[in-house]
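Counting convention: from 1, in listed order, for ligands and their atoms alike. Only a predicted model underlies this, so the values are computations on that prediction, with no experimental measurement involved.
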Amino acid sequence: MGVTVVENKNEVIVALSKLIEATATESIERNGLFNIGVSGGSLVSFLATGLTKISTDFSKWKIFFCDERLVPVADPDSTFGVYKKQLIDTEAVSLKEDQFVTVKQGVSAAEAAEEYAAKIKKYIPLSPLPRFDLLLLGMGPDGHTCSLFPGHALLNETAKWVAPITDSPKPPPSRITLTFPVINAARVCAFCSVWKGKG
Ligand SMILES: O=C(O)[C@H](O)[C@@H](O)[C@H](O)[C@H](O)COP(=O)(O)O
């Protein structure tokens with residue numbers, strides 16, 4: 001595991017972009033595709049800036065969500081909605097909406113989680129767990145990542161790849177999340193955090 005500490009937000013974006021570029025290049029050379037899982041929070045704006053500066057074949061990217069809130073895409077809480085606004089609709093980067101593997105809305109969390117696991121099975125190489133090329137993770141002030149919250153029973157989930165959660169301590173309560181076995185099976189995981197007081 002490596003930790004890179006930099007001075008400010010711009011340097012975080014530079015470091016993150018370099019990692020994404022290198023991992024995408026290596027994955028496309030190996031598989032002809034790049035499977036990346038993204039999170040919400042400040043990561044979205046880092047990507048909206050950083051991805052405009054990298055050299056990659058965006059047509060080979062497939063983008064998944066490490067977690068998603070179960071709300072309509074137009075709701076400000078929708079992680080896909082934020083990506084759509086900041087990356088797709090602005091055409092800031094050459095990514096198309098259909099490259100994002102979205103979470104089914106308007107169904108129960110259990111059904112949405114099962115459906116998302118089936119989508120993962122369709123696109124991600126299994127060994128025997130799905131092996132994402134890169135997962136970009138955030139971390140909340142309580143230490144949560146994805147929708148895995150400290151002390152929650154989902155931390156012990158070992159069977160499901162994608163789990164429903166209906167009692168998220170951070171609103172909105174209903175979400176789906178990748179589980180630890182899938183996170184740990186990824187080729188590369190990057191936690192990206194900017195602390196208060198840094199620009
Ligand atoms: O659904 C959520 O609760 C958020 O997406 C969350 O997982 C986010 O990634 C962290 O809270 C880090 O947020 P920042 O990157 O803004 O610090």
Inset, instruction - If you have a sec, work out which protein heavy atom is nearest atom 7 (O) of ligand 1 and how many Å separate them, to one decimal? - result: His144 NE2, 3.2 Å

Legend entry - Side-chain donor/acceptor of Gln105 to backbone N/O of Pro72, under 3.5 Å: no

Legend entry - Protein heavy-atom partner closest to atom 13 (O) of ligand 1 - residue, atom, separation in Å: Gly41 CA, 4.0 Å

Inset, instruction - Measure up the Phe64 and Tyr116 rings against each other and bin them: parallel (under 30°), tilted (30 to 60°), perpendicular (over 60°). - result: perpendicular

Inset, instruction - Could you check atom 12 (C) of ligand 1 against the protein and tell me its nearest heavy-atom contact, residue, atom and distance included? - result: Met139 O, 3.4 Å

Legend entry - N/O donor-acceptor pair under 3.5 Å between Arg131 side chain and Ala185 backbone: yes

Inset, instruction - Give the numbers and elements of all ligand 1 atoms closer than 4.0 Å to a heavy atom of Gly138. - result: 9 (O)

Inset, instruction - Considering only NZ, NE, NH1 and NH2 on the basic side and carboxylate oxygens on the acidic side, decide whether Arg30 and Asp133 come within less than 4.0 Å. - result: yes

Inset, instruction - Taking Tyr83 for its side chain and Glu97 for its backbone only, find out whether a donor-acceptor pair lies under 3.5 Å. - result: no

Inset, instruction - Could you check atom 15 (O) of ligand 1 against the protein and tell me its nearest heavy-atom contact, residue, atom and distance included? - result: Ser42 OG, 2.7 Å

Inset, instruction - Determine the interplanar angle of the Trp61 and Phe34 rings, folded into 0 to 90°, and report it as parallel if under 30°, tilted if 30 to 60°, perpendicular if over 60°. - result: perpendicular

Legend entry - Single-linkage hydrophobic cluster Val188~Val14, side-chain heavy atoms < 4.5 angstrom: no

Inset, instruction - Please work out whether any backbone atom (N, CA, C, O) or any side-chain heavy atom from C-beta onward of Asp67 is under 4.0 Å from ligand 1, and answer side chain, backbone, both or neither. - result: side chain

Inset, instruction - Using distance alone, determine whether Ser39 and ligand 1 share an N or O pair under 3.5 Å. - result: no

Inset, instruction - Would you mind checking which non-hydrogen protein atom is closest to atom 2 (C) of ligand 1, with the distance to 0.1 Å? - result: Arg69 NH2, 3.2 Å

Inset, instruction - Check if Cys146 has a non-hydrogen atom at a distance under 4.0 Å from any atom of ligand 1. - result: yes

Legend entry - Nearest neighbour in protein (non-hydrogen) for atom 11 (O) of ligand 1: Lys170 NZ, 3.3 Å

